[in-house]
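Only one structure is covered here, and it is reproduced in the block below.
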Amino acid sequence: MKEKELRRSLSVLPIGTVMKLTDLSARQIRYYEQQGLVIPERNEGNRRMYSLNNVDSLLEIKDYLSEGINMAGIRQIYAQQKEEETAQKNRLQQSLTDKDVRRILHEELEAVSGLTDRSQDLDIHKKKL
DNA sequence: GTTCTTACA
DNA sequence: TGTAAGCA
């Protein structure tokens with residue numbers, strides 16, 4: 001099923017479709033791109049074209065954001081995603097199993113869990129004091 | 001009609 | 001982040 005991954009990597013969705021699929025504003029989607037997250041391809045007319053994988057990434061980012069993780073933390077997670085992709089490519093050459101890859105990803109996610117932005121909570125506490 | 005960039009409330 | 005302006 002390698003063809004399936006190929007299709008998911010095809011950038012064929014205009015930002016308007018991605019907006020509906022992710023429930024994010026064009027502003028947010030473009031901003032995340034500036035932050036180095038989910039860089040879409042560009043068509044002949046300089047229009048952003050996203051792949052299903054890109055949509056998944058945006059959905060993931062949205063989750064992290066709702067969990068209180070700031071952009072810096074997501075940036076690191078993104079860098080890890082890059083590593084994961086590389087790992088996937090080498091999976092065939094090397095003898096890494098899907099389980100190994102998942103374990104590594106999980107460990108990496110836990111590593112950044114400490115980056116959760118609680119500044120707002122702290123501010124609330126200060127106000128109470 | 002849709003998206004792009006830039007800039008400002 | 002939202003929104004407006006001026007292009008493509």
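Labels below follow one simple rule: chain letters A, B, ... track the order of the sequence lines, proteins then strands, and each chain is numbered from 1.
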First and last nucleotide of DNA chain C, 5' to 3', lying under 4.0 Å from heavy atoms of chain A: C:dT1 to C:dA8
Secondary-structure notation, DNA chain B, from Watson-Crick and G-U pairs under 3.5 angstrom (| other strand): .|.|||||.
Partners passing side-chain hydrogen bond (donor to acceptor under 3.5 Å, both in side chains) against A:N46 (at least two apart in sequence or in another chain): A:R42
Partner residues of A:E107 under the salt bridge (Lys or Arg N to Asp or Glu O under 4.0 Å) criterion, sequence neighbours left out: A:R103
Can you give the donor-acceptor pairs under 3.5 Å from side chains of residues 27-35 of chain A to other protein atoms, not counting sequence neighbours?
unit_1	atom_1	unit_2	atom_2	d
A:Q28	OE1	A:S25	N	2.9
A:Q28	OE1	A:S25	OG	3.3
A:E33	OE1	A:R48	NH1	2.7

Which residues share a salt bridge (Lys or Arg N to Asp or Glu O under 4.0 Å) with A:R8, sequence neighbours left out: A:D56
Contacts of A:S9 that satisfy side-chain hydrogen bond (donor to acceptor under 3.5 Å, both in side chains) - sequence neighbours left out: A:N53
With sequence neighbours excluded, residues passing side-chain hydrogen bond (donor to acceptor under 3.5 Å, both in side chains) with A:T22: none
Protein-to-nucleotide contact annotation, 5' to 3' order, nucleotides 2-9 of chain B [B base; S sugar-phosphate only; - none; under 4.0 Å, heavy atom]: BBSB----
For A:D23, all residues meeting salt bridge (Lys or Arg N to Asp or Glu O under 4.0 Å), sequence neighbours excluded: none
Side chain to side chain contact (heavy atoms under 4.5 Å, CB included) assessment of A:L13 paired with A:N54: CA-CA 10 Å; A:L13 313 174; A:N54 290 157; over 6 Å; no
Side chain to side chain contact (heavy atoms under 4.5 Å, CB included) assessment of A:V18 paired with A:L58: CA-CA 9 Å; A:V18 178; A:L58 286 170; 3.4 Å; yes
Salt bridge (Lys or Arg N to Asp or Glu O under 4.0 Å) involving A:R47 - partner list, sequence neighbours excluded: none
